[in-house]
Structure formats: structure tokens, C-alpha cells
There are 2 protein chains.
Amino acid sequence: MSSRDQVPYTVLMARWEPNAAERLAHAALDLFAERGYENTTVIDIAQRAGLGKSTFFRHFQDKREVLFGGSAMDGLLTEAIAAAPATATPLEAVAHALDAAGREVFTPARREFIARRQAVIAANPELQEREALKNLALIASMTDALKRRSVPDLTARVAAELGALASTIAFERWSQTTTGADFSEIARQALDDVQASTALC
Amino acid sequence: MSSRDQVPYTVLMARWEPNAAERLAHAALDLFAERGYENTTVIDIAQRAGLGKSTFFRHFQDKREVLFGGSAMDGLLTEAIAAAPATATPLEAVAHALDAAGREVFTPARREFIARRQAVIAANPELQEREALKNLALIASMTDALKRRSVPDLTARVAAELGALASTIAFERWSQTTTGADFSEIARQALDDVQASTALC
DNA sequence: ACGGTGATGAGACTAAGTCCCATCACTTGT
DNA sequence: ACAAGTGATGGGACTTAGTCTCATCACCGT
């Protein structure tokens with residue numbers, strides 16, 4: 001047994017292990033669910049992940065971001081819209097994007113985790129603000145992606161907005177199902193529902 | 001001249017004057033425009049208004065809220081939707097609400113002030129988050145107001161969302177005009193444009 | 001064994017936001 | 001006129017978010 005085995009931090013078995021960001025995100029979600037977002041300190045999160053406060057802020061811009069860092073939804077949606085067949089209408093391209101989201105992000109395996117995350121967000125206005133802004137950014141990205149398909153500005157904006165609404169509705173339905181229902185199918189249905197509703201306005 | 005004329009704070013001519021909240025809001029907008037939101041301290045704002053930090057937080061929940069406190073848009077929109085003729089379609093009721101906003105809030109006299117405020121918001125993500133959440137709340141309120149008119153849930157939601165989009169677009173157009181164009185008219189046009197675009201999706 | 005690189009920790013620092021308590025101006029009742 | 005009450009305010013102590021700098025540690029190649 002060399003003397004290195006007794007170096008303090010190595011014994012803790014946390015520093016220097018990989019996936020610091022992921023560990024921090026999990027610790028944060030656990031703590032937020034246990035005691036609430038406001039009763040959880042950044043230092044609490046870092047300690048549970050076996051890290052220090054400095055490291056937390058090296059991985060995340062701020063305390064809210066720890067719940068939003070992972071997804072990379074943006075590129076996924078814009079690429080799916082770009083990859084939609086040239087003959088597709090704007091809303092069909094958006095449907096293509098929601099399909100991709102169902103395949104890559106809103107998978108059955110992640111459903112419970114994502115629902116837990118959403119419950120935490122729903123309980124805290126600060127987190128809802130961050131989510132609202134992220135959603136605006138997604139809509140802007142989808143709008144741009146549609147414009148690159150030569151969709152007129154206003155039409156692109158409306159299609160992106162309706163897509164976002166359909167996505168929100170689909171998410172609500174999906175996160176409540178106990179059956180392992182497929183997000184993509186639910187989203188397609190939601191988009192159809194939304195489109196039908198526009199006619200009744 | 002009595003000794004009271006020499007009491008320190010009274011000489012400053014700011015404490016105890018009315019409209020503390022309004023004074024704070026104006027001081028804040030001025031400072032944000034001058035040096036930027038992040039380079040302005042709550043203490044700076046309070047000092048320019050001739051008040052203390054405690055008083056600032058007595059009037060506003062937090063630093064962001066000082067830019068969003070006044071409007072009371074919520075009641076205005078919901079009441080206008082409720083007051084729309086019973087024969088009006090959902091989108092017509094929403095148009096009624098945008099009309100009210102043009103009459104009571106987005107008046108020609110306030111155009112410059114509001115545009116200045118919007119420029120400050122556009123320059124800062126923190127403020128955009130707050131604005132995004134306020135917008136979500138407005139959409140929720142309009143949705144509820146429409147439901148109270150016996151509009152089906154989903155239709156209400158879509159109509160509110162389209163109304164919010166039209167409002168955003170109208171606001172963009174209105175705040176750029178140099179002519180004293182009427183917000184209500186611009187909003188009606190924007191709503192027509194949006195509605196026409198839904199058909200092209 | 002040596003030095004370089006990248007991730008980390010510790011601590012000082014600023015500002016947001018909360019809380020408590022004393023102070024002040026104004027009002028009311030006597 | 002005066003005393004007590006009321007409501008708005010100021011000040012300062014306190015906690016936490018977030019920034020920044022510097023030293024330390026593990027790992028990798030030489």
C-alpha cells in the first residue's frame with residue numbers, strides 16, 4: 001500500500017472521476033426534488049456530487065442552468081426541419097422535427113426522469129423563466145430553419161409557434177401516460193389537433 | 001425659520017415625496033439605458049430616486065420587476081375578452097383585447113417610453129426571461145377568459161397563442177413607426193396577417 | 001524522474017435579496 | 001397643543017449567487 005492511497009481527496013472517490021457535469025445535474029435534481037429549489041444551495045449540490053462550488057460554475061452558467069444543460073434540442077430540431085422532404089409543407093417539416101425529438105430526447109427510458117425534472121420546474125418561478133426563454137430560443141431556431149426552406153417570414157413564424165404549442169401539449173400528455181406511449185405519435189396527434197383548432201378560431 | 005427646516009433628510013427633498021414606486025421605475029430605466037442593466041446596482045437606483053435599498057425591495061419583488069410592475073395588462077385583456085359580443089369568434093374576442101391594449105397601454109404618448117424600455121430588455125437575457133414568463137401568464141389568462149366564453153379548451157389555447165403572436169408582431173411594427181400610427185389598427189392588421197398565414201401552413 | 005496540461009479547490013470579493021429594528025412624517029383623539 | 005398610533009422609510013446584519021485569482025492535484029508524454 002503506497003502513501004498515495006491515503007491522500008485525502010482520492011479517498012472520497014469523487015474528484016477526478018469523469019462526468020462531473022452529469023453528476024452535478026443528477027445531484028441537483030435529487031436535492032431540488034427532496035427539499036425544493038430554493039432550499040438547496042449550490043454548495044449543497046457540489047458537495048453531493050463530491051465537488052466544489054468553483055467546479056459547479058465551471059460547468060454551468062448559473063444555478064438554473066443545471067436543469068437545462070443537457071438536451072441540445074436546438075440542433076436536433078433545426079436539422080430535422082432541414083432534412084424534411086422538399087415537398088413538405090411548413091407544418092409537415094415541424095412534424096418531422098417533433099418526430100426527431102421523440103426519437104432522440106423524449107424516449108420511454110427517459111420519461112420518468114424528465115417528468116421528475118418538469119415537476120421541479122413547475123414548482124419554481126425562477127426555473128419557469130429559464131424554461132420560457134429556452135422555449136423562445138427554440139421557436140426562433142425553428143423559424144430560421146423554416147425560412148431556409150424558403151418559407152415566407154410570417155408563415156415560418158406561425159408554423160414554428162404552432163409547432164411549439166403542439167409540442168407543449170404533446171409533452172403534457174406524454175409525461176402523464178403510464179403506458180409507454182410513443183412521444184412521436186402523441187406529437188403528431190397534437191399537431192393535428194392544433195391545426196384543426198386553427199380553423200375554428 | 002424653525003429648526004425643522006434643517007432636519008437632514010427633509011433637505012434632500014425626496015424621501016416622503018409621493019410615488020416612490022414610479023420614481024424608482026423611472027430612475028431604473030434611466031440608469032439601465034445609460035450604463036446597462038448589469039452595471040447598475042439596486043442601491044444606485046434607490047439613490048437616484050432619493051430612497052434606500054430597503055424601500056426599493058418594498059415596492060418591487062426584485063431588480064427585474066422594476067421594469068414590469070406598472071402595466072396591469074392582465075386584467076385589461078381578460079375584461080376586454082369577456083366584454084366582446086357574444087357572437088364574436090375566439091379570434092375576434094382576442095382582437096377586442098388587443099384593441100383595448102392599444103387604447104389603454106400602447107398609446108402614442110407612451111410610445112417612446114415603451115420603446116426605450118424594450119431596448120433595455122432586448123439587451124439583457126435576465127430581463128428577457130422575466131418578459132417571457134409574463135407573456136406566458138398573459139397567454140394563460142387569455143386562454144381562461146376564452147374558456148369562460150365557452151370556447152373549447154384547445155381552441156382557446158390556440159386563439160390565445162395566435163393573439164400573443166399577433167401582439168408581438170404588432171408591437172414590433174408599432175415601436176418602429178415614426179408616424180403616430182395607432183396600435184389598435186396595426187394589431188388588427190397583424191392578427192389578419194397571422195390568421196392568413198395559418199392557412200398556408 | 002520530469003515537465004506540461006487540464007480539471008479542480010479554496011478563498012476573497014461584489015451584489016441580490018431577506019430580515020429586524022429604529023426613525024421619521026402624518027393623522028387622530030383628547 | 002399634545003400624546004399616541006400608523007405607515008413608510010433607512011440602516012445594517014445576514015445568506016446566497018456568481019466572479020475571479022491562485023495554488024494544487026492527477027494524468028500523460030518524454
Side-chain angles (χ1 to χ4, degrees), chain A residues 2-25 27-28 31-32 35-69 120 124-127 129-130 133, chain B residues 2-25 27-28 31-32 35-69 124-127 129-130:
Chain A
S2 80
S3 70
R4 292 176 71 177
D5 293 325
Q6 292 173 21
V7 172
Y9 291 111
T10 303
V11 173
L12 290 179
M13 289 295 294
R15 255 221 261 195
W16 306 115
E17 281 186 9
N19 304 327
E22 198 178 342
R23 269 156 50 211
L24 285 165
L31 286 170
F32 293 164
R35 358 170 158 158
Y37 175 83
E38 285 167 332
N39 299 321
T40 305
T41 289
V42 169
I43 296 184
D44 292 338
I45 301 170
Q47 274 183 348
R48 177 166 295 200
L51 296 167
K53 175 182 151 189
S54 311
T55 303
F56 179 95
F57 285 110
R58 215 170 270 120
H59 286 280
F60 301 101
Q61 267 194 334
D62 53 45
K63 187 182 170 188
R64 293 150 225 103
E65 197 65 14
V66 73
L67 281 183
F68 297 91
V120 169
N124 189 281
E126 248 183 272
L127 294 172
E129 289 191 347
R130 178 58 51 87
L133 190 59
Chain B
S2 81
S3 70
R4 292 177 71 176
D5 294 326
Q6 293 173 19
V7 171
Y9 293 111
T10 304
V11 173
L12 291 178
M13 287 295 295
R15 256 220 260 194
W16 305 116
E17 280 186 10
N19 303 328
E22 199 179 341
R23 268 157 49 212
L24 285 166
L31 287 170
F32 293 164
R35 357 172 160 157
Y37 175 83
E38 287 168 330
N39 299 322
T40 304
T41 289
V42 169
I43 296 184
D44 292 338
I45 301 170
Q47 274 183 348
R48 177 167 293 201
L51 297 168
K53 176 182 151 189
S54 310
T55 303
F56 180 96
F57 286 110
R58 217 171 269 120
H59 285 280
F60 301 102
Q61 267 194 334
D62 53 45
K63 187 182 169 188
R64 292 148 226 108
E65 196 66 13
V66 73
L67 281 183
F68 297 92
N124 189 280
E126 249 183 90
L127 295 171
E129 289 191 347
R130 178 58 50 88

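Lettering of chains follows the sequences in order, A, B, ..., and the numbering in each one begins at 1.
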Peer 1: Taking only the side-chain heavy atoms of B:Lys53 (C-beta and beyond), determine which of D:dG12, C:dT18, C:dG11 contains the nearest atom.
Peer 2: C:dT18

Peer 1: For A:Thr55, answer base if it contacts any base atom (sugar-phosphate contacts may also be present), sugar-phosphate if it contacts only those atoms, and nothing otherwise; contact means non-hydrogen atoms under 4.0 Å.
Peer 2: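 Sugar-phosphate, no base atom in range.
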
Peer 1: Write down the distance between CG (A:Leu51) and P (C:dA7), rounded to a whole number of angstrom.
Peer 2: 13 Å

Peer 1: Within the structure shown, what part of the strands sits under 4.0 Å from A:Thr41 by heavy-atom distance: base, sugar-phosphate, or nothing?
Peer 2: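 Sugar-phosphate, backbone atoms only, no base.
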
Peer 1: Under the salt bridge (charged side-chain N to carboxylate O under 4.0 Å, His left out) rule, collect the residues that match up with B:Asp44, sequence neighbours excluded.
Peer 2: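 Here the qualifying residues are B:Arg35.
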
Peer 1: For B:Arg130, enumerate each residue passing the salt bridge (charged side-chain N to carboxylate O under 4.0 Å, His left out) test, keeping only those at least two apart in sequence or located in another chain.
Peer 2: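 With neighbours one apart ignored, the set is A:Glu129, B:Asp62, B:Glu65.
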
Peer 1: Round to a whole Å and report the spacing from CZ of A:Phe56 to P of D:dT16.
Peer 2: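 So the CZ-P distance, A:Phe56 to D:dT16, works out to 15 Å.
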
Peer 1: Can you measure B:Glu38 atom CD to C:dA16 atom P for me and round it to whole angstrom units?
Peer 2: 11 Å

Peer 1: Taking all non-hydrogen atoms of both residues, which atom of B:Ala46 and which atom of B:Leu24 are closest, and how far apart?
Peer 2: CA-CD2, 3.9 Å

Peer 1: If you take all heavy atoms of B:Ile45 and B:Ala27, which pair is closest and at what distance?
Peer 2: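 That would be O-CB, 3.8 Å.
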
Peer 1: Enter the distance from A:Glu38:CD to A:Phe32:CZ here, rounded to the nearest 0.5 Å.
Peer 2: 10.5 Å

Peer 1: Return the minimal non-hydrogen interatomic distance between A:Phe57 and A:Lys63, and the atom names on each side.
Peer 2: CE2-N, 4.4 Å

Peer 1: Under 4.0 Å, heavy atom to any atom of DNA chain C: which of residues 57-66 of chain A qualify?
Peer 2: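 Contacting residues: A:Arg58, A:His59.
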
